[in-house]
Amino acid sequence: MAAGGGGFEDPSADVLADAAAAFGLLASPARLHIVWALAQGESDVTGLAERVGGALPAVSQHLTKLKLAGLVRSRREGRRQVYFVDNTDVVAVMRLMVGQMRDRAEQGGVPTPRLRGL
């Protein structure tokens, strides 16, 4: 690992690949909304579908992907599967980014850049 600007060590290729995969999963507005909702409190798939306005099968598929990536976890509660986020780092990064975008949008005169396609 080489030292970059500011004295920080460059992460390994594996760490960068893992981070890119996590960011890739959160790049979907639907999955970001699901993680955002779960960061506020745990929920089952039916409650999440109602909150995010998604179809139950689609929300279930998103949860499966997020769970496989280790971004959300679940536990059985009777007949329901309850989902939650227990990674405070993921929640902190998500809240920071969403907060920055919200602040830009509320400033009115400052356009929010569209980064799609870069």
Side-chain angles (χ1 to χ4, degrees):
M1 284 188 244
F8 291 105
E9 292 286 326
D10 288 344
S12 70
D14 288 341
V15 168
L16 288 171
D18 289 345
F23 280 122
L25 279 170
L26 293 175
S28 159
R31 285 191 290 270
L32 184 61
H33 196 178
I34 289 168
V35 175
W36 181 268
L38 289 175
Q40 312 309 311
E42 57 190 34
S43 179
D44 64 5
V45 67
T46 303
L48 280 171
E50 290 172 4
R51 178 163 179 185
V52 303
L56 195 65
V59 171
S60 182
Q61 287 178 349
H62 288 308
L63 284 166
T64 298
K65 290 179 182 180
L66 291 165
K67 191 173 175 182
L68 286 171
L71 297 176
V72 301
R73 293 186 38 202
S74 67
R75 73 171 188 287
R76 175 106 11 228
E77 209 175 78
R79 294 177 48 185
R80 326 181 298 150
Q81 195 77 2
V82 177
Y83 294 87
F84 58 95
V85 179
D86 71 342
N87 186 325
T88 57
D89 295 332
V90 168
V91 172
V93 169
M94 180 187 60
R95 285 184 175 158
L96 177 66
M97 179 56 76
V98 170
Q100 291 291 319
M101 295 297 107
R102 182 182 291 155
D103 290 348
R104 283 186 181 183
E106 289 173 356
Q107 288 177 1
V110 180
T112 301
R114 297 289 176 188
L115 303 176
R116 292 184 190 132
L118 292 181

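- Note that the CG atom of L66 and the CD atom of Q61 stand 12.0 Å from one another [nearest 0.5 Å].
- Note on W36 and V82: separate hydrophobic clusters, where clusters join Ile, Leu, Val, Met, Phe, Trp and Tyr whose side-chain heavy atoms are under 4.5 Å apart, directly or indirectly.
- If you take OG on S12 and CG on D18, they are separated by 8.0 Å, rounding to the nearest 0.5 Å.
- Shortest non-hydrogen contact noted between S74 and Q81 is OG-NE2, 2.7 Å.
- Distance check, rounded to the nearest 0.5 Å: CG of L71 to CE of M94 gives 10.0 Å.
- A distance of 11.5 Å separates NE2 in H62 from CG in L32, rounded to the nearest 0.5 Å.
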Subject >> Intermediate values then yes/no, side chain to side chain contact (heavy atoms under 4.5 Å, CB included), Q40 and R51 >> reply: CA-CA 12 Å; Q40 312 309 311; R51 178 163 179 185; 3.6 Å; yes
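- With hydrogens and angles disregarded, a donor-acceptor distance shorter than 3.5 Å links the side chain of R31 to the backbone of L25.
- Among all heavy-atom pairs drawn from A39 and R95, the shortest one is O-NH2, 3.3 Å.
- Residues L38 and Y83 approach most closely at CD2-O, 3.3 Å, considering heavy atoms.
- Hydrophobic clustering (ILVMFWY, side-chain heavy atoms < 4.5 Å, transitive): V93 and V35 are in distinct clusters.
- Nearest heavy-atom pair, P11 versus L16, reported as atom, atom and distance to 0.1 Å: CG-CD2, 3.4 Å.
- Electrostatic pairing of R104 and E106 does not count as a salt bridge here, judged by no charged N lying under 4.0 Å from a carboxylate O.
- Around the CZ atom of F84, the shell of radius 6.0 Å holds more than 12 heavy atoms that belong to other residues, nucleotides or ligands.
- The environment of NZ in K65 is sparse: at most 12 heavy-atom neighbours from other residues, nucleotides or ligands sit within 6.0 Å.
- Residues satisfying the side-chain hydrogen bond (donor to acceptor under 3.5 Å, both in side chains) test with D103, not counting sequence neighbours, are none.
- V98 and V72 fall within a single hydrophobic cluster, where Ile, Leu, Val, Met, Phe, Trp and Tyr side chains are chained together by heavy-atom contacts under 4.5 Å.
- Across all non-hydrogen atoms, the minimal contact from V59 to A49 is CG2-CA, 3.9 Å.
- Considering all non-hydrogen atoms of both residues, V91 and V85 come closest at CG2-CG1, 3.5 Å.
- By the criterion of side-chain heavy atoms lying less than 4.5 angstrom apart, applied directly or through intervening Ile, Leu, Val, Met, Phe, Trp or Tyr residues, V90 is not grouped with V15; the two fall into different hydrophobic clusters.
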